[in-house]
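Atoms within each ligand, like the ligands themselves, are counted from 1 in listed order. All residue numbers in this chain count up from 1 along the given sequence.
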Amino acid sequence: MPTTVRTRVAIVGAGPAGLILSQLLADAGLGSIVVDSRSRTEIESTIRAGILEQNTVDLLRTIDPATRVDTVGHRHDGIELRFGDVGEGHRIDFPSLVGRSVWLYPQHEVLKDLLALRLAAEQDLRFGVTVEGVDDGDPVHPAIIATDAHGDPVRIEADFVVGADGSRSIVRAAVTGSRSGGYFREYPFAWFGILCEAPPSSDELIYSNSPDGFALISQRSPDVQRMYFQCDPTADPAAPSDAEIWDTLQARVPGTTLNEGPVIQRDVLRFRSVVAHELRRGRVALVGDAAHTVPPTGAKGMNLAIADVVLLADALRALLTEGDGQLIDTYADRALDRIWKAQHFSWWMTSMLHVAPDASDFDRRRQLGELRTVLESEAGRTYLAEAYTGWSIEPPKR
Ligand code: PHB
């Protein structure tokens, strides 16, 4: 017999979405249990993306007075887009175009802050818990069926279950009827990502569309850089030597000499655009990567997850403290408005900046025409700045 525990909201996934949701629910007087299959160390050390929109930063500052976004993170007031054989560069200045900025603050640092915040508030947070599925037989009391860190069965009964469990979501099956599927697009390239020990090569991010393919120059800290270059999706991260990696990167950012240093981590990131067919069924809902995946070029992943959570937290407050189901009934449609805008932006940045393996001379010249259309026009730069820094988060509906 499994051990049975009860809570108001059962949240699967202790990533940024799940942890912020538990905080917003606690602020509304609603208890929750958060479970994750990973250990705390694993969660705090997995290298993920790093760009936070202005809205995301405003929210982190509101919910966490101890956030290190302003001390460990860095405000970025622009990005550079570079293209062509000679590396023609155009800077997009966010504050002058849209009055907002973004912050480079790696996701694992956000997670360290959020875990500390929730544990200090005595959040019931369980690591090493493997979720097998959702029992939604009782329409108002769904339950999570899981195995705890000791291998013992556990049943978590709740008034609502939230899947914040990433792109391989287990909870998704309870909402869409299937663990896979959704509106889907694949890309014929991936990113080869590295972390290297060397000081930043540029103060701001450089997105470069070079004749040999895309590269992104980013940073992590005063001594560590994060860089990516377009590669084949089947590339083996262990295959190239450090020297080959540097040759590729240097060639793809004409006009800048990159600071080289030991490559301390390498990975290949597959590109996909996915939106689940449904985001909610009854008293089970999806947020973040469980609901959608974007290619990383637009830096939208974590921001989009947090925007979902803001909507869902308010809808759960209305449902579970006031018995008002109106906001939960419209959660999916309201979240999808933003999700599809972000899907478009991420697809657009990806297709404008990468060189498709089958690109013809026409395609290539058209792409450079597109970059000039956007970058030489204030309206074009403003669109890019508005989408990159993030659309405002819908104010809570009462
Ligand atoms: C990163 O620093 O990891 C990063 C930055 C911008 C992106 C994607 C990844 O668009």
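Two different hydrophobic clusters hold Val5 and Val9 under the rule that ILVMFWY side chains link at heavy-atom gaps under 4.5 Å.
Across Ile206 and Arg82, no two heavy atoms sit closer than the pair CD1-NH2, 3.8 Å.
For Arg220, a nitrogen or oxygen atom sits less than 3.5 Å from a nitrogen or oxygen atom of ligand 1, counting backbone and side chain alike. Taking distance alone, with nitrogen or oxygen atoms compared against 3.5 Å, Gln219 stays at or beyond that limit from ligand 1. Between Tyr207 and ligand 1, at least one pair of N/O atoms sits closer than 3.5 Å. Looking at Pro296 next to ligand 1, an N or O pair under 3.5 Å apart turns up. At a 3.5 angstrom cut-off on N or O pairs, Tyr228 counts as close to ligand 1.
Under a cut-off of 6.0 angstrom, the local environment of CD in Glu376 is crowded, with over 12 non-hydrogen atoms contributed by other residues, nucleotides or ligands.
Every atom of ligand 1 with a heavy atom of Ile51 under 4.0 Å away is listed here by number and element: 5 (C), 6 (C). For ligand 1 and Ala49, the ligand atoms under 4.0 Å from any heavy atom of the residue are 3 (O). Contact atoms of ligand 1 toward Thr297: 10 (O) (distance under 4.0 Å to a heavy atom of the residue). Annotation for ligand 1: atoms under 4.0 Å from non-hydrogen atoms of Leu205 are 5 (C), 6 (C). Residue-ligand proximity, Trp191 to ligand 1, at heavy-atom distances under 4.0 Å covers atoms 8 (C).
Looking at atom 2 (O) of ligand 1, its nearest protein heavy atom turns out to be Ser218 OG, 2.6 Å.
Cation-pi geometry between Arg185 and Tyr187 is met: under 6.0 angstrom from the ring centre, within 45 degrees of the axis. Relative to the ring axis of Trp347, Arg272 does not place its NZ or CZ within 45° and under 6.0 Å from the centre.
His354 pairs with exactly one of Tyr207, Phe83, Phe229, Phe271 by the ring-ring contact (aromatic ring centres under 6.0 Å, His included) rule, that one being Phe271. None of Asp70, Thr56, Thr67 except one satisfies the side-chain hydrogen bond (donor to acceptor under 3.5 Å, both in side chains) rule with Arg61; the exception is Asp70.
Remark: aromatic rings of His277 and Tyr183 are close, center separation under 6.0 Å.
The shortest separation from a heavy atom of Tyr105 to ligand 1 is not under 4.0 Å, leaving the residue out of contact.
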